[in-house]
Every structure is written in structure tokens, then in C-alpha cells.
Asks: 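Dropping a structure here in C-alpha cells format, bear with me for questions.
Numbered from 1 within each chain, the chains take letters A, B, ... in sequence-line order.
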Protein chains: 2
Amino acid sequence: MATSPSGTENSKDRLKGVIRDFRREQVIDVARQLFGERGSIDVSMDEIASRAGVARSTVYVYFANRDELVRACLESLHSHLVAAVAASWESEPDITGRLRLLIDEMLARVDDAPAFIRMALVTQEASGRGGDAIRQELATIGLNIARLLRGLCEEGMTQGIFRPMDPDLATSLIGQQIYGAMAVRAAEPLPAERSTTVGLLTDFIVHGLGA
Amino acid sequence: MATSPSGTENSKDRLKGVIRDFRREQVIDVARQLFGERGSIDVSMDEIASRAGVARSTVYVYFANRDELVRACLESLHSHLVAAVAASWESEPDITGRLRLLIDEMLARVDDAPAFIRMALVTQEASGRGGDAIRQELATIGLNIARLLRGLCEEGMTQGIFRPMDPDLATSLIGQQIYGAMAVRAAEPLPAERSTTVGLLTDFIVHGLGA
DNA sequence: CGTCAAATCGGACAATGTGTCCGACAGCCG
DNA sequence: CGGCTGTCGGACACATTGTCCGATTTGACG
């Protein structure tokens, strides 16, 4: 640690870090695309590596194993979602509008990578052996979205738009509806126009089926 | 074909058929239980075979491959569901009551084999290579349940309980909600009392979140 | 009881994919 | 130049699926 000036060393290390991140994202991008097209089970590490233009063994330098790579892809998807939502959140003061916004972005993720979402929604599967990292990541994502939803519910009730109700319950019910909608859309060969679906979904959540 | 009296031969063949069915169900039961506990990915054919007390190669006499076995398990689960619903359907004339009944039975299936349901809900994954048989079966099951739901929706609208709406849309929305609820429940380590959940869910479907 | 056929066993096999490891090699920095 | 680092590419051990086949059991029938 004393062999070179700390300034130079830091800069060098930072450069290395940047390069590493860049390579990592290169692999993640390829993996996300392949997973999005064909799900995660059907894509081998071999294929990801060769498509990313690196050796298979090199992939294992960046990711401990397959699950870690999948986890990183989920993380990437999530951060894109968060960024997209944050971008228009403040400019949409209406509660229902924000709900619509959130749903729209989530369904957009589905349209982006249907096969991957299909897998993600269920990779809670694989409860036995591996998959711990993946489930962990999904839990984190779920929690984060639940946080958004819960805020929405509480404000909706305060404003008298929603009827009084345990906010956790409301959050869970909305979450389940969105979850179902995502899963169904992910399985659909030709999903309907997203804006239409979002509108109908939001309406249903607010009004239900009753007369 | 002329070597023995046809009567005897038929009886013998039927017996063989019965035996075959019996053995098949033996394997299916074991597989369903293991899948229910740990999902389908984590259970090897080896383990299923040895737990069922047969050789691995024998399993392949009854099922062409892993997917066929999974398909058979799904079929079994579905037929149990249908039987349970049919048993109390007629004695429940109320539309909301029937909806509650259907939801209750579906969630009961989840409680029965959470890990398997988790997988089933997403085995639309594996869109590439195999999995065709499984997806086929899931589509059939989904269609059948959608049929029930659609009838419920139409009758509800006729009776003025539900607001007028495209019945296909209503069916899809309810289906998605139930789907989400099943998936979430399947992932829950300690799901809430089923009757409570069913009540809240039904209420939400009918009334939504609005004030 | 002995015979025969079908069912089952059990293990070998090829194919595929994962994760590990290591020697070779190229580029960069001192 | 000489060493360091990251990458390559391929060999390896391991697990699993699905196939195959000879040996063995079972059970029905004469």
C-alpha cells in the first residue's frame, strides 16, 4: 500500500473499477436481452459469453455463478423502472394518475423482456438448492414497489379517493392485481396496447366490479 | 388375436389398464408431494423414482419424460379442484358466494402444494426447448377456470350485482387478481387464514378501492 | 409345479450444462 | 525488458436427463 503515491493509486483503481463495471454491464445487457427473449433457463452461460464476446470463464470472473448474473439482471431492470417512474412522478400530482404511471412503467418492463419477467415472477420457485440470490433480489424489488404503492394508498385515503381500509391490505391487493396483470401480459403472444390495458386496470382497481 | 377367447382377453387387458393407472397415480402422488414441497426444478427423477419405490427407468415407462410427469401432476391437481368446486357449486346459488367458493378452492390448492403452484404459474417460462406439454396443460386449465369465471360475470351483470362491462375483460381482471393472490400466497412462508383472505379478496374484486 | 411373457430392475451410456482450474498469452506500467 | 493483470480456451469433475439392454422378478396358465 506504500509502494506508490496514493493519488495515482486511487485513480488507477478507479479506472479499473470503471472498466470492470463497463464489462459487467456489457454482459448484463446481453444476458438481459437473451433472458428477455427466451427466459433464463434456456440460455446457457456459453451463449451469453459468446454473444458478449468474452470467454465463458471470464463471465465467472464477474459473476460468481448463474444466479448472480440473473440477480444482476433483475437489479438492472429494477433500477430502470425506478428511474423511469421517478422521472415523471413529481409532475403527476394526481393519485390515480400516479397509480396509472406506476402500472404503465411496470407493464413496460414486461413488454421489454416478457420471458424474463415470466421467470422472475416465479423464480421464487427454486426454493430448494440455489436461487437464494434471486429470491433475495426479488424480495427487495417487491418491497420497494410495495413502499410506493403503500404511500399511494395512504394518500388516496387521506384525500377521500379511496375508502378507509388497512393500508397494508390495500397495498397487497393492488400488488396482487398488478402482479397478475404482469404475468398474464408476459405470457400473451400479442399483448394489447399498453395504454388501454393500464387504463382498464387502474379503473378496476379503483372501482371493482360492483354496480 | 385369435389365440384366446376375446372375453378373457378384454378382461385381462382391462386389469392391466387398471394396474397401469394405479402405478401411474402412485408415481404422480409422490411427484406431486415432492413438487409441492420443493418445486419441480429441484426434484430429480431419481428422487421421485426412489420415493415411489420404483426404478428410474420404470418411471420412463409410464411417462415419456419429465414434462409429461409434471403435466400429469397438474392435471391431477386440476381435476381435484374441479371436483371440489362441483361438489358445492349447486348448493350455493349466490353469485358472490360462488366466486368466494371458487377462490377458496383455488387457494386451497396453493396451500396444498405451494412450491408446485409457484412453478406452475410460471412454467410458461421454459418457452424455448421443452415445456410444451406443461404449457399446453396450463392453458387448458386456465381456459376451464376462465369459463367458470365468465359465467359468473355474466350472471352477475344480469342480476345487476356487477356493473355492465365487457365480460371477457371482467373475466380477465378477476383472473389476474386471483392469479396474483395465488402467486403471493404460494410465496408466503406463513400465509394468513384462508377464509379471511378469501373474504377480503372477494370484497376487493366486487368493490375495488374507491370510496 | 414348471413354463412363459410381461413388467421391472439396475446399471451403462451419450448428451448437455455448470462451476473450477490452470497454462498460455497479450497489453500495459514501471 | 520484465513482471503484473486480465483474458482466453480448454480440460476437468459433477449432476441430470433420457435411452438402452440384459438380468431378474412376478404372476398367470397349463
Side-chain angles (χ1 to χ4, degrees), chain A residues 1-5 7-24 26-27 31 34-35 38-71 126 128-134, chain B residues 1 3-5 7-24 26-27 30-31 34-35 38-71 126 128-134:
Chain A
M1 55 174 74
T3 53
S4 67
T8 302
E9 190 176 52
N10 275 352
S11 154
K12 204 170 74 179
D13 282 357
R14 269 189 293 120
L15 175 59
K16 270 199 243 176
V18 170
I19 291 177
R20 189 185 168 86
D21 284 354
F22 181 79
R23 299 291 232 136
R24 256 183 75 102
Q26 219 177 342
V27 176
L34 289 176
F35 289 163
R38 315 210 310 266
S40 106
I41 293 178
D42 286 337
V43 182
S44 72
M45 297 295 269
D46 247 334
E47 184 170 0
I48 294 168
S50 72
R51 285 263 202 132
V54 299
R56 194 167 68 96
S57 56
T58 305
V59 176
Y60 283 96
V61 172
Y62 292 108
F63 306 92
N65 51 40
R66 175 177 246 290
D67 280 352
E68 273 305 315
L69 175 55
V70 174
R71 197 194 61 71
R129 200 194 82 252
D132 277 337
I134 301 178
Chain B
M1 57 174 76
T3 53
S4 67
T8 302
E9 191 176 53
N10 275 352
S11 154
K12 206 169 72 179
D13 283 356
R14 268 190 293 120
L15 176 59
K16 269 199 245 176
V18 170
I19 290 175
R20 189 185 167 85
D21 286 354
F22 180 80
R23 298 291 234 137
R24 257 183 74 102
Q26 218 177 343
V27 176
V30 170
L34 289 176
F35 289 162
R38 315 208 311 265
S40 106
I41 293 178
D42 287 336
V43 181
S44 71
M45 296 296 270
D46 247 334
E47 184 170 1
I48 294 168
S50 71
R51 285 265 201 130
V54 299
R56 194 167 68 95
S57 56
T58 306
V59 176
Y60 283 95
V61 172
Y62 292 108
F63 306 93
N65 50 41
R66 175 177 245 290
D67 280 352
E68 273 305 313
L69 175 56
V70 175
R71 199 195 59 72
R129 199 195 83 251
D132 278 338
I134 300 179

Asks: To the nearest Å, give me how far apart CD1 (B:I41) and P (D:dA15) are.
Replies: 19 Å

Asks: What donor-acceptor contacts under 3.5 angstrom involve side-chain atoms of residues 52-61 of chain B, with partners at least two apart or in another chain?
Replies:
none

Asks: After noting the C-alpha distance and the side-chain angles of A:D132 and A:D67, does the key distance pass the side-chain contact (heavy atoms from CB on, under 4.5 Å) rule?
Replies: CA-CA 8 Å; A:D132 277 337; A:D67 280 352; over 6 Å; no

Asks: To the nearest 10°, give me the bend of the helix from C:dC1-D:dG30 to C:dG30-D:dC1, comparing the axes of its five terminal pairs at either end.
Replies: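 Comparing the axis at each end, I get an angle of 20°.
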
Asks: Can you name the nearest heavy-atom pair linking A:R38 to A:V43, along with the distance?
Replies: NH2-CG2, 3.9 Å

Asks: Rounded to whole Å, please give me the gap between CD in B:E47 and P in D:dT16.
Replies: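 In whole Å, D:dT16 P and B:E47 CD are 9 Å from each other.
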
Asks: Shortest non-hydrogen contact from B:R51 to B:V30?
Replies: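 Scanning both residues completely, I find the closest heavy atoms to be CB-CG1, 3.6 Å.
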
Asks: Is the shortest side-chain N/O distance from B:R23 to OP1 or OP2 of C:dT8 below 4.0 Å?
Replies: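 Yes, because at least one side-chain N or O of B:R23 sits under 4.0 Å from OP1 or OP2 of C:dT8.
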
Asks: At under 4.0 Å between heavy atoms, what does A:S57 touch on the DNA or RNA strands: base, sugar-phosphate, or nothing?
Replies: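 Counting heavy atoms under 4.0 Å across all strands, the contact made by A:S57 includes a base.
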
Asks: B:D46 CG to D:dG18 P: how many Å, rounded?
Replies: 12 Å

Asks: Find which nucleotide of DNA chain C each of B:G53 and A:M45 is nearest to by heavy atoms, and output the residue with the more 5' nucleotide.
Replies: B:G53

Asks: What is the distance, to the nearest angstrom, from the CZ atom on B:R24 to the C1' atom on C:dT8?
Replies: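 Checked: the CZ to C1' distance equals 17 Å.
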
Asks: If you take all heavy atoms of A:R20 and A:Y62, which pair is closest and at what distance?
Replies: CG-CE2, 3.5 Å

Asks: A:D21 has an atom CG; how far is it from atom C1' of D:dG6, in whole Å?
Replies: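 Value for this atom pair: 15 Å.
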
Asks: Can you name the closest pair of heavy atoms from B:N65 and B:M45 and give their distance?
Replies: C-CE, 4.4 Å

Asks: Specify the residues of residues 58-66 of chain A, ordered by number, for which at least one heavy atom lies under 4.0 angstrom from an atom of DNA chain C.
Replies: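 A:Y60, A:A64, A:N65, A:R66, in order of number.
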
Asks: Looking only at the side chain of A:R56 (C-beta and beyond, no hydrogens), which of the listed nucleotides D:dT19, C:dC9, C:dT20 gets closest?
Replies: C:dT20

Asks: Using atom CZ of A:R38 as one end and atom C1' of C:dG17 as the other, report the distance to the nearest whole Å.
Replies: 14 Å

Asks: Rounded to the nearest Å, what distance is computed from the CZ atom of residue A:F22 to the C1' atom of nucleotide D:dG6?
Replies: 16 Å

Asks: May I have the distance from B:L69 (atom CG) to D:dT16 (atom P), rounded to whole angstrom?
Replies: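 My rounded result for the distance is 16 Å.
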
Asks: To the nearest 0.5 Å, what is the distance between CD1 on A:I48 and CG on A:L69?
Replies: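 Result: 5.0 Å between the selected atoms.
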
